[in-house]
2 protein chains.
Amino acid sequence: MRLTTKGRYAVTAMLDLALNADNGPISLAGISKRQEISLSYLEQLFSKLRQNELVSSVRGPGGGYRLSRAADEIFVAEIVDAVNESIDATSCGGEGSCHKGDICLTHHLWCDLSKQIHEFLSGISLASLVARKDIQAVSERLNSEQTEAPLAGQQQERISASSLA
Amino acid sequence: MRLTTKGRYAVTAMLDLALNADNGPISLAGISKRQEISLSYLEQLFSKLRQNELVSSVRGPGGGYRLSRAADEIFVAEIVDAVNESIDATSCGGEGSCHKGDICLTHHLWCDLSKQIHEFLSGISLASLVARKDIQAVSERLNSEQTEAPLAGQQQERISASSLA
DNA sequence: ATATACCTGAGTCATTTACTTGGTTATATA
DNA sequence: TATATAACCAAGTAAATGACTCAGGTATAT
């Protein structure tokens with residue numbers, strides 16, 4: 001079982017989509033800047049998210065991605081599953097073939113754990129995250145980091161008009 | 001966060017110790033045969049388990065390892081922690097420095113998940129696993145695989161007298 | 001026509017896993 | 001006291017994975 005940056009990025013990006021859903025299609029470039037995720041890496045992740053019908057895309061200028069369902073019908077477990085194979089703590093993929101074709105000593109324990117985690121993440125929708133005050137606060141911080149002129153740092157990048165509210 | 005073979009092996013080996021606690025110190029060679037885990041790999045894992053004071057060792061012939069506490073005072077979470085750094089779903093180690101020194105959009109979510117998993121595994125003692133009928137059944141199967149003469153296969157390995165009940 | 005932004009595949013570098021190899025040291029027993 | 005047992009220890013290694021970059025393509029609004 002693994003839950004690494006890959007799954008975290010995917011959920012973060014999907015949550016960014018949900019938070020900015022009013023502004024039409026959201027470009028990966030925008031997500032990349034707000035969330036500090038490599039654009040190319042995002043493209044790879046969104047390829048999988050699109051295959052799993054969690055997002056739909058609009059090509060061309062002004063294009064980007066949209067959630068393919070309402071935010072209260074998309075759950076964190078689905079997102080992690082889409083990019084990360086599965087949230088499974090067993091070595092046998094739940095098949096019970098972990099010790100010479102039969103189950104190993106700890107098979108039941110890892111099954112229970114997998115179930116526990118999956119139920120937890122299946123109960124959390126993007127909408128429920130969007131509704132949280134603490135998450136709204138973080139979102140506002142990230143958006144203002146984006147729109148405010150950077151004071152220090154290297155060459156200032158051009159900010160596209162469409163990315164401004 | 002990761003839960004891989006390493007953590008599973010550690011818990012399996014500790015459970016083997018708990019199940020066979022009556023037979024004096026348990027050798028890693030015995031665990032290796034019963035659970036099909038590489039002996040050298042077990043040695044590495046037990047080095048960490050010993051550092052974390054979960055087991056104590058007896059050297060020399062007839063030696064092996066013992067649980068350093070009663071089985072109802074050792075919890076799965078401790079074992080995984082001992083070999084696996086930690087069961088933490090955040091990227092910042094819970095410190096809240098995941099986005100430019102501040103928290104990232106999904107920080108709270110991964111904190112909640114980490115807490116969930118940790119509470120679950122902290123509630124499961126080795127004693128509670130030993131008490132489970134399904135686990136007892138697996139244990140008996142593994143012990144009889146061990147003591148019965150293998151019918152097919154390669155060269156039969158010598159079974160040391162001390163490893164028999 | 002051009003710029004935007006999605007889409008794709010290949011390659012890379014570092015890290016981790018799950019081992020193996022080759023020893024040393026302590027101790028019970030013959 | 002020699003020997004076998006079994007804990008200890010350090011180093012190396014092959015394969016997999018993660019988190020990217022690079023270098024192109026293709027669709028479309030302006």
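All chains are named by letter (A, B, ...) in the order of the sequence lines, taking the proteins before the strands, and each is independently numbered beginning at 1.
- Residues satisfying the side-chain hydrogen bond (donor to acceptor under 3.5 Å, both in side chains) criterion with A:S38, sequence neighbours excluded, are absent altogether.
- Counting to the nearest Å, the P atom of C:dA18 and the CD1 atom of B:I37 are 11 Å from each other.
- Within the 4.5 Å cutoff, the side chain of A:K6 has heavy atoms near those of the A:Y41 side chain.
- Here D:dA6 presents its P atom at 10 Å from CG of B:L39, a figure rounded to the nearest Å.
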Check: residues 125-134 of chain A side-chain donor-acceptor pairs under 3.5 Å, at least two apart:
from, atom 1, to, atom 2, distance (Å)
A:S125, OG, A:A127, N, 3.4
A:S125, OG, A:S128, N, 3.0
A:S128, OG, A:S125, N, 3.3
A:S128, OG, A:S125, O, 2.7
A:R132, NE, A:D134, OD1, 3.3
A:R132, NH1, B:D112, OD2, 3.2
A:R132, NH2, A:D134, OD2, 3.1

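- Taking atom CZ of residue B:R66 and atom C1' of nucleotide D:dA6, one finds them 14 Å apart after rounding to whole Å.
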What side-chain donor-acceptor pairs closer than 3.5 Å can you find for residues 53-64 of chain A, not counting sequence neighbours?
none

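- B:L3 has its CG atom 11 Å from the P atom of C:dT17, to the nearest Å.
- Rounded to whole Å, the distance from CG on B:L28 to C1' on D:dT5 is 13 Å.
- Near DNA chain D, meaning a heavy atom under 4.0 Å away, there are no residues from residues 94-101 of chain A.
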Any chance you could list the contact pattern along nucleotides 8-19 of chain D? Use B for base contacts, S for sugar-phosphate-only contacts and - for none, protein heavy atoms under 4.0 Å, 5' to 3'. BB-B------SB

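- Both A:P61 and B:S38 sit near DNA chain C, but only A:P61 has its closest nucleotide nearer the 5' end.
- Judged as a salt bridge (Lys or Arg N to Asp or Glu O under 4.0 Å), and not counting sequence neighbours, A:D72 has no contacts.
- For B:S47, the side-chain hydrogen bond (donor to acceptor under 3.5 Å, both in side chains) partners two or more places apart in sequence, or in a different chain, are B:Q51.
- Not counting sequence neighbours, the partners of A:A13 by the side-chain contact (heavy atoms from CB on, under 4.5 Å) test are A:I31, A:L42, A:F46.
- Two residues are said to be in side-chain contact when any heavy atoms from C-beta on lie closer than 4.5 Å; A:L113 and B:F120 meet this criterion.
- Sorted by first and then second residue, the side-chain hydrogen bond (donor to acceptor under 3.5 Å, both in side chains) pairs involving residues 89-100 of chain A (not counting sequence neighbours) are A:D88-A:T90, A:H99-B:E145.
- For B:I31 and D:dA6, the CD1 to P distance is 12 Å, given to the nearest whole Å.
- The nearest whole Å value for the distance from the CG atom in A:L45 to the P atom in C:dG9 is 16 Å.
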